[in-house]
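Report on one structure; see the data block that follows.
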Amino acid sequence: MPAADRATAVLTVDLAAIVENYRILQRRFAGREVTVSLKADAYGVGAAAVGPALWRAGARRFFVATLDEGIVLRGLLPSASIAVLHGLTTGPVAEFLRHDLLPVHNSIAEIDAWLAEAPGRAAGLHLDTGMARLGMPPDEVAALAASGRLRGLPLAFVMSHLGCADEPDNPLNAQQRDRFVDACRALDVSAQVPRSLVASSGLFLDDSYHFDIARPGAALYGISPTPSRPNPMRPAIRLTGKILQLRYVDTDSTVGYGATHRMTRTGRVATIGAGYADGVLRALGNRGHAIVDGRRVPMVGRISMDLLTIDVTELPDDAVQPGRSVDLIGPGNDIDTVAASAGTIGYELLTRLGPRLERHYLAADASAAGNAA
Ligand SMILES: *Cc1c(COP(=O)(O)O)cnc(C)c1O
């Protein structure tokens, strides 16, 4: 059997849609630079496919979390600028130099380690403006400003990260923006150094947040950057599972582990060859839906490791024959909807897609590739 017929669960990644999403963000950010966040293997979608597709679409600067992610990406994109968000905590200076990776410095200690071994070499700087997560907090920014160290450090960019950008009315956004401006001023950051505050959601805040560089990830894959408004992005991810068996079940029978679903009528249950090992989160048991023949049908019973069950009583026979595929993520059941059913966010859903999935990449079209440098 060809591989496509063997697979019981298939992830389809539409690279043309990802490139189109990049263009949508570029239009939104007209005149400035849209870089790409490719951490966690491009949010589980596959950096080996997404990175080169976006490079051909014109992206030149990429962000990853760790040195090792950077080394992998360097192998795929020999000429790109690649910045490592977790910086020197993820590996030695020599490795950053060997692979031409830019560390993002999150502390004075990291700056000192860099200055000692890589004098004159550029790096990024992350300022914590209120997330209390990564970057230099205000007291350390003040110490850095007073120390004069930045005179010896060419800055590739200065960045901060918004904690509530998906809530446009949250007052923390303006507070973080103002603190970012203040911190850049305290550090006497030159106007030539690009500044970066926004990722996917921040791109949809007003201009005062935009500065010079955006670092979106999620929106490229179709996750909504504007949860309180219609999603401006194109869907790019589809997850399908094959019907393995069909069961006729009587009133009062139960379905699956723990007997958590009891049939209240005589009906039909289809067993799909996808489970939590494939990234169909267990939290979707008795809560999620599949789309079969354009109709939304409920997942019944718990999600197993390799299987899940849906109630297809209402569907015509030919729609539910073993061998047919149903949509688990796709039109009518987008990433955000599925994530919400599981009590999580699209980001987590994507990064949990399992290694067993058969992955199909739909090529970005020739016109997208036409911009290749
Ligand atoms: C993950 C991350 C991004 C990308 O965020 P999205 O919401 O996926 O666009 C940008 N910057 C930093 C610091 C991040 O951690």
Side-chain angles (χ1 to χ4, degrees), residues 1-29 33-64 69 72-82 200 215-225 231-242 274 278-279 291 325-335 338 346-347 349-373:
M1 276 204 281
D5 292 329
R6 294 160 74 134
T8 60
V10 176
L11 176 74
T12 304
V13 176
D14 184 348
L15 294 172
I18 292 173
V19 165
E20 176 57 22
N21 284 334
Y22 180 72
R23 301 212 185 291
I24 290 171
L25 298 178
Q26 267 187 322
R27 285 197 286 279
R28 169 89 206 148
F29 214 55
E33 184 184 352
V34 178
T35 72
V36 175
S37 172
L38 277 185
K39 54 198 188 184
D41 195 25
Y43 292 45
V45 170
V50 175
L54 289 173
W55 169 267
R56 287 192 293 273
R60 288 294 172 265
R61 210 189 290 241
F62 297 81
F63 284 87
V64 292
E69 289 180 351
V72 171
L73 192 58
R74 173 59 71 220
L76 298 163
L77 300 175
S79 314
S81 164
I82 301 173
S200 295
R215 318 179 300 271
L220 296 165
Y221 311 110
I223 292 175
S224 178
N231 185 357
M233 313 314 298
R234 275 182 59 177
I237 304 297
R238 188 165 192 164
L239 178 63
T240 58
K242 192 151 74 177
D278 302 295
I291 307 286
S325 281
V326 309
D327 270 321
L328 302 170
I329 301 173
N333 207 23
D334 64 25
I335 302 172
V338 176
Y347 297 66
L349 200 64
L350 284 188
T351 53
R352 295 207 175 224
L353 292 168
R356 183 171 60 189
L357 291 170
E358 162 122 352
R359 287 164 181 254
H360 294 171
Y361 292 92
L362 307 181
D365 64 26
S367 67
N371 282 358

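Under the 4.5 Å side-chain criterion, counting only non-hydrogen atoms from C-beta, Val10 is not in contact with Leu239. Looking at heavy atoms from C-beta onward, Val45 lies in side-chain contact with Ile237 at the 4.5 angstrom threshold. With a 4.5 Å cut-off on side-chain heavy atoms, Pro216 and Val34 count as touching. In this structure, the side chains of Leu76 and Trp55 stay at 4.5 Å or more apart for every pair of heavy atoms. Proximity of Ser37 to Val64: side-chain heavy atoms (C-beta onward) are nowhere separated by under 4.5 Å. Looking at heavy atoms from C-beta onward, Leu350 lies in side-chain contact with Ile223 at the 4.5 angstrom threshold. The shortest distance between side-chain heavy atoms of Val13 and Arg359 does not fall below 4.5 Å. Between Leu25 and Leu220 the shortest side-chain heavy-atom distance falls below 4.5 Å.
Between the CZ atom of Arg61 and the CG atom of Leu77 there is a distance of 14.5 Å, given to the nearest 0.5 Å. Once rounded to the nearest 0.5 Å, the distance linking OG1 of Thr35 with CG of Leu54 reads 10.5 Å. Phe29 CZ to Tyr22 OH: the interatomic distance, rounded to the nearest 0.5 Å, is 10.5 Å. Between the CG atom of Asp278 and the CG atom of Leu328 there is a distance of 9.0 Å, given to the nearest 0.5 Å. To the nearest 0.5 Å, atoms CD1 (Ile291) and OG1 (Thr240) are separated by 13.0 Å. Note: Arg74 CZ to Phe62 CZ = 10.0 Å, rounded to the nearest 0.5 Å.
Between Arg27 and Glu20, the shortest heavy-atom contact is NH2-OE2, 3.3 Å. Closest approach of Gly222 to Asn21, counting heavy atoms only: N-ND2, 3.8 Å. Taking every heavy atom of both residues into account, Ala47 and Asp41 meet most closely at N-OD1, 2.8 Å. Minimum heavy-atom separation, Gly46 to Tyr361: CA-OH, 3.8 Å. When all heavy atoms are compared, the tightest approach of Ala219 to Ser200 is N-OG, 3.0 Å. In terms of heavy-atom proximity, Pro232 sits nearest to Ile24 at O-CD1, 3.7 Å.
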- Task: Output, in order, the C-alpha distance, side-chain angles, deciding distance and verdict of side-chain contact (heavy atoms from CB on, under 4.5 Å) for Leu15 and Leu362.
- Result: CA-CA 6 Å; Leu15 294 172; Leu362 307 181; 5.9 Å; no
Kindly indicate, with the supporting measurements, whether the criterion side-chain contact (heavy atoms from CB on, under 4.5 Å) is fulfilled by Asp327 and Asn333.
CA-CA 8 Å; Asp327 270 321; Asn333 207 23; 5.9 Å; no
Next item on the list: Dump the intermediate steps for side-chain contact (heavy atoms from CB on, under 4.5 Å) on Arg238 and Asp14, then the final yes or no.
Entry: CA-CA 8 Å; Arg238 188 165 192 164; Asp14 184 348; over 6 Å; no
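Partners of Arg215 under the salt bridge (charged side-chain N to carboxylate O under 4.0 Å, His left out) rule, at least two apart in sequence or in another chain, do not exist in this structure.
Atom CZ of Arg352 sits in a sparse spot, with 12 or fewer heavy atoms from other residues, nucleotides or ligands closer than 6.0 Å.
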